[in-house]
Every structure is written in C-alpha cells, then in structure tokens.
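Since the structure comes first, as structure tokens, the remarks are kept for the end.
Any value given below was found using the heavy atoms of this structure, including those in side chains, with hydrogens, waters and symmetry copies removed.
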Amino acid sequence: MTSSIAPLLLLRFGLFLTPLPSILRDDHQLASPLTSFSRLKEGIYLFRAGFNPYDGGLVRHSPLLLSAFSTYLPSSALLSALLWTLIDGLGAWCLVKIYRARVSASRAPVNPKWEQLIGLLYLLNPYLLLPNLARSTASLENAVALAAIMFGAEKRASAALLLLAILTHISLHGVLLVLPVVLLLLHSTGPASSLGQSNEYPASRSAFKLIGQYFGYMALLAGVSTMVCGDWKWVERTWGAFVLLPDLTPNPGLWWYFFTEMFDHFRPFFLVAFSVHPLTYLIPVCLKFKHDPLYAAFILQGVVATFKPYPTLADPGIFVVMFSLFPEVFPHLRHPIVTILLHMHAALLLPLFHSLWLSQGTGNANFYYATTLVFGLGMAATVIDAVWAGLRIGFGGKPSGWEMRDDEPFAFESREYLRALTVGKEITFESTYSVPSNDSVPRDVGIVTLNGQDLTIEVLKNGWAKLKESKREATDEDIQRRAIEADAKTNSRGIWNTDGIVHRTVYHTMPTNTQEFMTQWKGKPINAIVETVREGNNLRVRLLLAPDQHQIVNLQLAGIKCPRAAGREGEAGEPFGDEAKTFVEIRLLQRPVTVTLLSVPPPPAASFGSLASGDATPAAATTFIGTCIHAQGGNIAEPLAGAGLAKVLEWHAGMLSNYGGLEALKAAEKSAKEKRLNLHGTAALPSSGPQKSAAPTGPSQRTEFEGQVIRIWSGDQISVWDDVAGKDRRLQLSSVRGPRANDPKQAGYAAEAKEFLRKKLIGQTVTIKIDFVRPAEGEYESRECATITLPGQKTSVAEQLIARGLATAVRHRRDDENRSPDYDKLIAAEQAAASDTKGLHSGKDVTLPRIVNVSETASKANQFLPGYKRAGKIPAVVDYVAAGSRFK
C-alpha cells in the first residue's frame, strides 16, 4: 500500500506549494465558520496576544485546537502544509486498517489490490482533497473519527473513547459515533461482516461502563478547555454554534437558507427540531445493525454529513469512501446510478452557482440553495440506499438468503471427536436392544468397542457426552460411569468447559443466491466434511467456511458422470450405480476433504410466460460443480474413472483447465476401457490413432501432411493444396462449429470468423492432421475433419478461433469417439471466451458487412466505373476465381 500512497502524498504536498490553497482557503464549500483555517489563525493570534478569542463572534474552533496550534502544532504555511498532508495520510491509513480488521474478523483473506484501492479512493476523492488543500480542520475531524473507529475495531477501548471525546469537543456531532463504537468494542466478532447474522448482543453493564469512561474523558477535556480559556464562554461559541446557528454563511448544507428566511418568532422551535433530528436516527440505526456496529457507524456518518448545520464537502467525502469497507452491499444497492448522477450534478453546479452569486453577481441565493437541495437529496438517497442494502442482506437470508439453524453448544465438537476416533477403523458392536425406525434402516442400541476400549467410556472420559438420568437402581457399571463423568466435569473437559463455547451457525440448505456464493468462493480451497454420498459423483458436504459458520451444499464432482444409484423407495438404479456409490462411501464418507467450487450447472431456459411477465431471473442452482480432494487419496474422480465406475465429461474441460486433472481423468478412463472394467465391459477398445474412412490408402488419403491454404469457405471450413496428391482438399476444423451465415444473429460473426481465417491462413503453408472422416449424411457430403496448426505455433487454428468467440466447440455424444484430439482445449477456450463475453458470447448483434455486386449489370458497372478509375489502386480481396483471367 505504501508504494502507491507515498507518491500521492508527495503530490499533495506539492499542491500546497502552488497558489491553489490560497484560492480555496476561504471557499464556503470547503471551509465553514467552524473549520476555516483563516479563523483558526485569527483565534491563535488572539490567544497568543492574551485576549480571550471567544469574546467576539469570529472564532468558533475548539480550545483544544487553539491551545495545540499555539504551543505544539505549526501554523506557518510550509509546516501546516506538511501537517495537513500527514493528516490525510493518517486518514487513509486508518481506513485501510479498518478494512484489514473487518476482513480478519470475517476470517477472509486480505485483498492487497482492494487495500490499495481504498487508500487511493481516500486520497484522490475531490470531496476530501479540496478541503484538505484549503486547510480546513474538517480533514482533522475525519482523521480523528476514522482513528476512533479503527481503535474500536481493534478492541482498544481507551484509545477509541479518548479520540471520540476529542472528536466531540472539536465537532459536537461526533457524539453520534459513541454508541456504535461502544457496540464495536463489545461485539463478539468485532468489525466482521455480520449484516446477515445474529451474533450475541453485548451486555448492557459493560456498555454502561464504556459510556461512563467516555463521559469521564469528556469532563476532563472540558475542564482543560476551561482552564485554557479562563471561563466557560467557549461552550456557547463552539458547541452552541451547532445548536444556535449564529453564523448564516452559505454552505452546502440545508440550514443556512432556511433560517435566513425564518421569522424570529419561529426560530427557537425550528432550531430545536433541526438539532434533535439527527439524534432520532441513533437508536434505530444501532438497534437495526447491532450485529454489525461498523455498518451502523457508517450509516450515522452519512446522517451527520446530510443534516450537519455547518457541513463542508469533507463530510460527505468520508461517508462516500467508507462505502469501500462494505463491498458485500454493492450488489444490493437499488439506485446507485441515480445517486451517483445526483452527486455529479450537485458537484458541478455548486461551484458554478456559488461563483455566479457571490463573485459574478449575475445569480442569486435561490440558485445556490437549489443546488444544495439537490446535494442534500443525493446524500439522503445515498444513505437510504445504504440502509436498504444492509437490510436486504439481513432480511434476505443470512447473508445470501440461506436458511439456518444453530446447533446445541458443543454438538459439532462432540461429533467431531467421535468421527475422528472411529471413522475408517474396525469396531466391534454388541446389540443390546432395537428401537423402532421411521425408515428401512434398522436402529440398534448396544456396546461399541474400538481396540478393546468401550467407546461410551472414552466419550465420557473426554467430556463429550452426559449420562442420561435413570430411575432404576444404579449398578456397578452406572457408578463407574458417573465417576468418569464427574472427573471430566471437575477437569472442565469437553462440554464441561464453559469458556470454550463456540456459537456456530450451520446453513443446512443451498444458498438462495448461488451465483453470489460462487463468486465469493470460486477457486478457493475450502476445508469440508463429506456428510452424505448420494451417487458416485453427487455428494453432500459441510463446508467449514469459518469456525463459527458452516454451509452444507450439494456437490457434483467435476469431470465425471456416474450411473444413478438405487433410490430408497425401491427405485432401481442404473448398472454399476450402487457400486460407484459404495466405492465413494468407503473412501470419503465422514472424511475431511478439500473442496474447490468451480461452477454451477447451466440454468434451464426461461419459459415464455416468465419472459412475458418480465420475471426472467434464473432459479437458484441446486448443486455446485467442483473437485473433492482427500489428503491421502487425492481427487476421488480419478480412481472412480480408473475403476470403470464413471465416464469422463469432456464439456467440463473448461472449468478444469485452470486446475488440471482432465488429462488424468482421461488417462484413467482409457486404462479402464483397455481392461474392460465395469461400465466398459462391453465397450470397444479405444483407438490409438485417428479414425479413418474405409477408402483405400494412397497419396490422397494421407492423415498428416503439409499444404498451402488456397481458400476459406466459412468460419470452420478451408481448402488446402496437397502437392503429393496434386489436388485441393476441402477440410473441416475438427469439433468446431462456426457461426451460420443464414442466421441473422450470427451472420455478422460468420463474416468476422471467415475474415479472421483469411488473414491468418491464406497463402500460408500449414500442418494438417486428419483426425477422422465425417461420413455423408443426407444432403451433406463426407468431409475430412482435421487439426490445423501454423508453423512454430503450438495452439491450433481451431483453438484460436474459439478463444476469440468466433466459433464454438461441437457437443459430441458421449459414445462418439470422432472428435478433435485437443477437444478439452477447445472446451476450455470456449469457456474462457464465454466468461470474457467475447464474440458470439457477448450477446451483441454484429452488422453484416454490406457487399454490393456492382458488375451485376452493365448499367450498374457504368455508374461505379468513373469513381474507381479516379481512385486508382483500390485494396481488394479475391473471393472467387472463375478462370485464369476472370475472378470475383
């Protein structure tokens, strides 16, 4: 972060050395009567001269600032420029630290690029940059506010509360941040992203203690301020200004013009109404976002920026940059474009109408105030949108719309102990009696021993179970077990360790917004436990997202397809379906694994009715596609394919391309075919070479040769000249389907694909490898299908064409062996083009180039001939050769 922010700070300091700060210093939008550097210097002069700066009505800065600048802090031009540069640098650093604390508390990896973006947003935001250049003390207020929130996020109570007291002395509206920072200090997960969760609410006694500490700091600072000034007059001049509005200097806020037009008789009533109004948001916001106090502080910062009596652009500036702390709310904003346009509109018109009114004299106060109303509307809309987004996450379902329920304390830990102790090991079970069952699975109660040890004794000894109350007379065995339980309780083992309770939330259904979940976790290894094996390639796994958050999902293994297993209701399965299920159960059931989510199945096509009604939102996916890796056994898909219990899905090549594995799956499947295992017991042996036609061999039937490209027929067909055969051969690119010229939506891309091949291949000598011969079918002639590469290139022409979105890969039948040897690469290229929305996958219509045949008739040719003769040489492409002297 330092490498990107340091140059900006140097640039900021350089701007202070230009005339720009002098121009901006007294701008009403950048410095208010309570934050103006000019008024601060006047107060410092009076303070040093021995006068009480609060005897007049000019100085309204806190005595803390006057005392600090008079003794320690520099007020000269050069040193103050350095100080204000460092103040903004401190604000950016605090904002990044808050982001780190939030990400760490959420147990998510820190994104260095996002860190840099947060720092850049703070230092390059014009709402913050311009007031800083004007040396407005609003920059200092922002830095102190962010530092207080940062210490609150880091659980450093004394520093956070002291800074809040300082902030309140400088700007009275800092009191609105006290409650959210106190909640942040007491919250069990700190600044973690908890908008959709219900964590434990802090104890009120601890909250009162912290609030009392804050008021203690306030009293101490008030006493120091009174000692510095010699009387209490500073209270009316500083804090009173926030309530009494003595100075009606124009600013971007809503107060000044309203009270300029106000009759004196009504002034006290509306002063009280306007002053109390921001406080009315404090309790509702903190209650609604009590599980995410950092978000509550963010919302209240927006309230302050909207309804402050003497705002500057720095106030909405800090609210806007704090948005970067909450990227999870971006998808839930309802009207982001409207609010951005309102801000842009006001930001452009505020300085314009201010100049027309006060500098040029060609406007009036109504023009400027109308713009401040737009600015206030933009701020209010931004705050409302932020509240709405936070509520949508909270009410929408924890946090992406999931159903959840909490386990009993230590339920997961108790199960984990027994799972780690027994799964995969041989046990002895002695049935004592049976209990009725709700399904076909028998349920017995008895004694289980592992290596001669009674599991009941082991579980009690380690404190992971309690004895049931029994009304019968205790036996010697009961007395022994109670003694073991008492020992575990005495030594605080397992469930008896009340300090080790983890409040864990388990989401038992698939996320409602599966695409959002996939975006968050795609490609990231996640520790998991296999809960159920439904079929050989269909698992139900518990994702251990965080120590206090688990998500159970359905997982389809990427790259393979197993036969369907038999159902519980007597439904017959496919051949070898039960064997595949058992194969996976023996190796993975209840085992710890590493899951990597890769994709979701494609959604079904929207019905005509849903399109007509405008509700074309795709339904949530019922499963994820990914890999399941066991620490000892590796990817379970490979032994499944190697045992002949699964077939490889070529169309998964795209999602597996960045993670490897498809080549190993194909090799395992090939080995199973050669051994004729299970599914491949009656299958033909795999061919070791390309599929050839039954025609006799000869020069024209060579399967690998070099030839010169002489014609491009379409986006997937070309003609090459074979010197040995002495004729041209028309070839189809293997497993490639080019855009169709007769399809209006694809016609433009068909021309692009043909032009791409023309520029790349015409006149070039290429290497041709015939993969198979597509037999004649109906009106279609037989066609040689080949893989074509240019000299010195490893990537085939077909792969390059598909990677640009100018063609797609043919979806072959599962039993169709006639396909490109690089079929997996073609699928991967298509997936990449689709994710980048290139060409055919962009959804855009490309206009077909308009080609006019000017030689169609003599009269048309005579119309164009003079123009062509005047143009001289004209670039052209020979599309067709009719004879040695005639071509098109």
Side-chain angles (χ1 to χ4, degrees), residues 518 522-523 525-526 528 530 532-541 553-566 573-589 591 593-602 621-630 632-683 686 809 811-817 819 821 823-828 830-831:
M518 173 59 63
K522 182 178 181 180
I526 308 171
V530 177
T532 308
V533 178
R534 294 178 168 176
E535 294 175 351
N537 66 312
N538 194 343
L539 315 176
R540 188 162 174 81
V541 298
V553 300
N554 301 323
L555 180 69
Q556 179 183 337
L557 297 179
I560 62 168
K561 172 64 177 175
C562 294
R564 188 184 69 254
E574 297 176 345
F576 300 104
D578 291 338
E579 288 83 349
K581 177 182 177 181
T582 304
F583 183 91
V584 177
E585 282 181 334
I586 293 173
R587 290 160 177 79
L588 291 189
L589 185 60
R591 302 297 210 286
V593 295
T594 302
V595 169
T596 303
L597 302 181
L598 304 180
S599 183
V600 293
T622 58
T623 187
F624 291 113
I625 301 175
T627 60
C628 185
I629 310 296
H630 188 265
Q632 284 78 35
N635 188 354
I636 187 63
E638 294 180 23
L640 267 173
L645 295 173
K647 293 185 178 181
V648 176
L649 296 179
E650 296 277 1
W651 66 273
H652 281 188
M655 63 183 73
L656 284 169
S657 60
N658 295 330
Y659 306 95
L662 189 66
E663 292 79 7
L665 294 179
K666 293 171 72 175
E669 184 185 44
K670 182 179 179 181
S671 174
K673 287 180 178 180
E674 292 173 348
K675 298 176 183 178
R676 297 181 179 272
L677 297 177
N678 297 321
L679 289 171
H680 310 293
T682 58
R811 296 301 189 266
H812 295 283
R813 297 190 310 272
R814 187 174 299 173
D815 58 349
D816 186 4
E817 297 292 340
R819 62 183 67 188
Y823 187 65
D824 56 337
K825 295 181 180 179
L826 302 185
I827 291 290
E830 182 178 342
Q831 294 277 348

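The only member of L665, L649, N635 that meets side-chain contact (heavy atoms from CB on, under 4.5 Å) when paired with I560 is L665.
Taking CD of E579 as the reference point, atom CD of E574 lies at 12.0 Å (rounded to 0.5 Å). Atom NZ in K561 sits 11.5 Å away from atom CG in L679 (nearest 0.5 Å). Separation of atoms NZ (K581) and SG (C562) is listed at 12.5 Å; rounding is to 0.5 Å. How far CZ of R819 is from CZ of R811: 11.0 Å, rounded to the nearest 0.5 Å. In this structure, CD in E663 is found 7.0 Å from NZ in K666, a value given to the nearest 0.5 Å. Considering CG of L539 and CG of N554, their distance stands at 9.5 Å, rounded to 0.5 Å.
Evaluation of the side-chain contact (heavy atoms from CB on, under 4.5 Å) rule for A643 yields F583, L645 as partners, not counting sequence neighbours.
Two residues are said to be in side-chain contact when any heavy atoms from C-beta on lie closer than 4.5 Å; I625 and Q556 meet this criterion. Side-chain contact check for L555 versus L597: some heavy-atom pair is nearer than 4.5 Å. H680 has its side chain out of reach of K675: every pair of non-hydrogen atoms, C-beta onward, lies at least 4.5 Å apart. A 4.5 Å side-chain heavy-atom check between R591 and V530 finds every atom pair outside the cut-off. L557 is listed as a side-chain neighbour of L640, based on a closest heavy-atom distance under 4.5 Å. Proximity of I636 to R587: side-chain heavy atoms (C-beta onward) are separated by under 4.5 Å at one or more points. At a threshold of 4.5 Å between non-hydrogen side-chain atoms, the residues V584 and L589 do not count as touching.
Taking every heavy atom of both residues into account, D578 and A566 meet most closely at OD1-N, 2.9 Å. Minimum heavy-atom separation, A637 to A558: CB-O, 4.3 Å.
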